[in-house]
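Heavy-atom basis, side chains included; hydrogens, waters and symmetry copies ignored.
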Amino acid sequence: MRVNIYQVDSEKDINRTKFRDFRHATSYGEIDPSIYKCVFKGFIKGEDLEDVYEALNIYDQDYLGTYQGHSLSMSDIVELEEDIVSSRGATTMKGCYFCDSVGFKNIKFDTDKCEKMDGLRTLMILPHEKPIETRVVDELESWQKAVSRQGEDSMMEVTYPFEDNAVVVGNEEAKLIGMEGNRRFGESIYAGPLFIVNDDGRGGFCDLTDEQIEKYSKMFENPEDISPEEVQNDCGFNIFGF
């Protein structure tokens, strides 16, 4: 499931609605998106909103390393980017859902009024998924967590396969520790989570532009089926360009 998570910013919460149920939050009127901040844009494995709740309380799923919030709780908003059909045939429509004391309530919620995630604007590419725009805090620890499988200690690797200033941040040991094949770059195979971000020319990173988001989203739009054998056979190091 492709989901976005929004949580109340305590500094803006003059009515003290954070961690309170739907009845309390709406006693002051409609849910106010301007007091919320986006803390996650990514993918959750599951079939319904309860699976989202479990994933963001247990953190035992792969590739939640960009999550910037607390455990999913009352007053949080889950945005589904697509309709979800469970194995039982139940359908949960795309839209925004308030996490209540029991279950979720579908609400009208203008996410454009929410504060954006912290960090640099990047394009995240995960195995078997389409690219998604998200943000990563520009600190070594945050990048290492982002390219890990489940938040474990990891080593980031930066490669330069493009002709512009965009670079790929990945896990240096992805192939050695059995991460899934992700995309082919020229004749090389990249495994594990990948993030495209800009090199600022001064030894650091900076935001991708609108044009780059569009360009690389189209370039890597289609997930690739790469076998474990192909990943293991491609453990050499190649330098190439598009």
Taking atom types as modelled, is there a side-chain donor on Tyr160 or Asp199 under 3.5 Å from an acceptor on the other? yes
Between Pro131 and Ile125, what is the shortest heavy-atom contact and its length? CB-CG1, 4.1 Å
Salt bridge check: are Asp200 and Arg202 linked by an N-O gap of less than 4.0 Å? yes
Sorted by chain and residue number, the salt bridge (charged side-chain N to carboxylate O under 4.0 Å, His left out) partners of Asp118 (sequence neighbours excluded) come out as Lys37
Does any part of the side chain of Met179, heavy atoms only, come nearer than 4.5 Å to the side chain of Ile177, both counted from C-beta? yes
Is the number of heavy atoms from other residues, nucleotides or ligands under 6.0 Å of Ile58 CD1 greater than 12? yes
Who are the ring pair (Phe, Tyr, Trp, His ring centres under 6.0 Å) partners of Phe98, not counting sequence neighbours? Phe22
Distance col, row Gln7:CD vs Ile35:CD1, nearest 0.5 angstrom, shows 12.0 Å
If hydrophobic clusters are built by linking Ile, Leu, Val, Met, Phe, Trp and Tyr wherever their side-chain heavy atoms come under 4.5 Å apart, do Met219 and Leu208 end up in the same one? yes
Lys175 and Ala191 have their tightest heavy-atom pair at CG-CB, 4.1 Å
With Ile77, which of Val8, Ile107, Ile5 fulfils side-chain contact (heavy atoms from CB on, under 4.5 Å)? Ile107
Connected via hydrophobic side-chain network under 4.5 Å: Met93 and Val52: yes
Side-chain donor-acceptor pair present, Asn171, Glu157, cut-off under 3.5 Å: no
Heavy-atom pair of closest approach, residues Leu123 and Ser217: CD1-OG, 3.4 Å
Output yes when Glu79 and Lys41 qualify as a salt bridge under the 4.0 Å nitrogen-oxygen rule, no when they do not. no
Quick one: do Asp48 and Arg88 make a salt bridge, cutoff under 4.0 Å? yes
Approximate separation, where rounding is to 0.5 Å, of Ile196 CD1 and Met124 CE: 12.0 Å
May I ask you to test the Val169-Val147 pair for a side-chain heavy-atom distance under 4.5 Å? yes
With a 4.5 Å cut-off on side-chain heavy-atom distances among I, L, V, M, F, W and Y, is there a chain of contacts connecting Ile84 to Phe109? no
Distance in Å, Cys99 SG paired with Leu72 CG, rounded so as to fall on 0.5 Å steps: 5.0 Å
NZ-OG1 distance between Lys12 and Thr17, expressed to the nearest 0.5 angstrom: 12.5 Å
Does the side chain of Val197 come within less than 4.5 Å of Val167's, by heavy atoms? yes
Expected output: side-chain Ser142 to main-chain Leu140 donor-acceptor under 3.5 Å: no
Could you check whether any side-chain N or O of Ser86 sits under 3.5 Å from a backbone N or O of Ala90, counting only pairs where one atom can act as donor and the other as acceptor? yes
Excluding sequence neighbours, so at least two apart, what forms ring pair (Phe, Tyr, Trp, His ring centres under 6.0 Å) with Tyr97? none
Electrostatic pair Lys45-Asp51, nearest N-O below 4.0 angstrom: no
Applying ring pair (Phe, Tyr, Trp, His ring centres under 6.0 Å), name anything that partners Phe195, two or more places apart in sequence or on another chain. none
May I ask you to check whether Ser148 and Tyr63 show a side-chain donor-acceptor distance below 3.5 Å? no
Shortest non-hydrogen pair, Ala174 vs Gly192, comes out as CB-N, 4.3 Å
Separation between CG of Leu194 and OG1 of Thr122, rounded to the nearest 0.5 Å: 11.0 Å
Looking only at heavy atoms, the pair that brings Ala55 and Ile44 closest together is CB-CG2, 3.7 Å
Side-chain donor-acceptor contact under 3.5 Å, Glu47 with Ser87: yes
Run the ring pair (Phe, Tyr, Trp, His ring centres under 6.0 Å) test against Phe104 and tell me which residues pass, sequence neighbours left out. none
Can you confirm whether Glu141 is buried at CD, in the sense that more than 12 heavy atoms of other residues, nucleotides or ligands lie under 6.0 Å from that atom? no
Strictly distance-based, threshold 3.5 Å: is any side-chain N or O of Asp21 a donor or acceptor partner for the main-chain N or O of His24? yes
Check the surroundings of atom NZ in Lys18: do more than 12 heavy atoms from other residues, nucleotides or ligands lie under 6.0 Å from it? yes
Please indicate whether Glu221 has more than 12 foreign heavy atoms, meaning atoms of other residues, nucleotides or ligands, lying under 6.0 Å from its CD. yes
Name of the residue among Val136, Asn198, Val158, Asn165 meeting side-chain contact (heavy atoms from CB on, under 4.5 Å) with Phe205: Val158
Which of parallel (below 30°), tilted (30 to 60°) and perpendicular (above 60°) describes Phe220 and Tyr216? parallel
Could you tell me whether the side chain of Asn222 reaches within less than 4.5 Å of the side chain of Lys130, counting heavy atoms only? yes
Separation of Glu224 CD from Glu230 CD (nearest 0.5 Å): 9.5 Å
Let's go through His128 and Phe43 carefully: what are the C-alpha distance in whole Å and the side-chain angles of both, what is the deciding distance for ring-ring contact (aromatic ring centres under 6.0 Å, His included) to 0.1 Å, and is it a yes or a no? CA-CA 11 Å; His128 315 300; Phe43 297 92; over 10 Å; no
With a 4.0 Å cut-off on N to O distance, would you call Lys218 and Glu214 a salt bridge? yes
Inspect the surroundings of CG in Asp60 and state if more than 12 heavy atoms from other residues, nucleotides or ligands are less than 6.0 Å away. yes
pair Asp62-Leu126: side-chain heavy atoms closer than 4.5 Å: no
Is there side-chain contact between Arg135 and Asp207, with heavy atoms separated by less than 4.5 Å? yes
Presence of salt bridge, Lys215 and Asp164, under 4.0 angstrom: yes
Within a reach of under 6.0 Å around NZ of Lys94, are more than 12 heavy atoms found that belong to other residues, nucleotides or ligands? no
Considering only residues two or more places apart or on different chains, which pairs with a residue in residues 120-129 satisfy salt bridge (Lys or Arg N to Asp or Glu O under 4.0 Å)? Arg121-Glu133, Arg121-Asp210
Contact between Asn4 and Thr111 at the side-chain level, heavy atoms closer than 4.5 Å - yes or no? no
Taking C-beta and beyond as the side chain, do Phe40 and Thr134 meet within less than 4.5 Å on heavy atoms? no
